[in-house]
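All remarks here apply to the structure that follows.
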Amino acid sequence: MLNIVLLEPEIPANTGNIGRTCVAAGARLHLIEPMGFQINEKQVKRAGLDYWDKLDYTIYDNYSDFIDKNPGAKIYMATTKAKHVYSDVLYEENCYIMFGKESAGIPEDILVEHEEETIRIPMFGDIRSLNLGNSVAIVLYEALRQHHFQDLNKIGHLHHTKWKDGTI
């Protein structure tokens, strides 16, 4: 199982969307306070739709609490200041992929301590960043691809609907 970590998320709709993505991907979500909202806010649940009750998530008081409760965790940190492209990293089973708050990312002092584990999504020109939910989905699904989408449904089924004239 993979782990997505949001360090001090600020926008409830992003967190709800990421929670929904985690449910679809079979990933755990780790939320590090302070957050810019209450987890029970309508916007979080609306973005997560009816999946929020299926989400495996943990809330931590702060970054130190997260580190204390996950000793020895292999953590990749997504940042525009990264040394490695996200798709060049081999994601271990049970690794953690951390994303910073929408307005500022992961603090520089944390990144310096984990410089070799920093990853980035390449972007064109001088674009600063992508939406947090999109960034999580891009990196998470690359990690899942590397594990051959283990335990995920890989084949869809079409449900044919008959029209009033009898055609499908």
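Computed from a predicted model, the values in this text were never measured in an experiment.
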If we check side-chain contact (heavy atoms from CB on, under 4.5 Å) with R28, which of these qualifies: D56, L55, L2? D56

With I97, which of V5, I119, V136 fulfils side-chain contact (heavy atoms from CB on, under 4.5 Å)? I119

Roughly how far apart are [X] [atom1] and [Y] [atom2], rounded to 0.5 Å?
X	Y	atom1	atom2	answer
K54	C22	NZ	SG	15.0 Å
N14	K101	CG	NZ	14.5 Å
L7	I32	CG	CD1	5.0 Å
N94	M1	CG	CE	8.0 Å
D88	R120	CG	CZ	12.0 Å
M123	S129	CE	OG	6.5 Å

Any donor-acceptor pair under 3.5 Å linking the side chain of [X] with the backbone of [Y]?
X	Y	answer
E92	K74	no
H84	E116	yes
E10	S103	yes

Give the cluster check for I127 versus Y86: same hydrophobic cluster or not, with ILVMFWY residues linked at side-chain heavy-atom distances below 4.5 Å. yes

In the single-linkage hydrophobic clustering (I, L, V, M, F, W, Y; side-chain heavy atoms under 4.5 Å), do L29 and V139 co-cluster? yes

Working note: L140 + I138, criterion side-chain contact (heavy atoms from CB on, under 4.5 Å); need CA distance, chi angles, decisive distance, verdict. CA-CA 6 Å; L140 176 56; I138 289 168; over 6 Å; no

Walk me through whether M35 and E8 qualify under side-chain contact (heavy atoms from CB on, under 4.5 Å). CA-CA 5 Å; M35 294 186 281; E8 303 178 8; over 6 Å; no

Apply ring-ring contact (aromatic ring centres under 6.0 Å, His included) to the pair H30 and Y96, showing each step before the final yes or no. CA-CA 9 Å; H30 303 263; Y96 293 73; 5.1 Å; yes

Does a salt bridge link K83 with E117, judged by any charged N lying under 4.0 Å from a carboxylate O? no

I would like to know whether S135 and I121 meet side-chain contact (heavy atoms from CB on, under 4.5 Å); could you show each step before the answer? CA-CA 8 Å; S135 297; I121 300 168; 3.8 Å; yes

Applying the side chain to side chain donor-acceptor pair (under 3.5 Å) criterion to Y60, which one of D65, N70, D68 satisfies it? N70

Answer yes if the side chains of Y63 and E33 hold a donor-acceptor pair under 3.5 Å, and no otherwise. no

Check against side-chain contact (heavy atoms from CB on, under 4.5 Å), Y76 and H114: CA-CA 8 Å; Y76 294 97; H114 301 276; over 6 Å; no

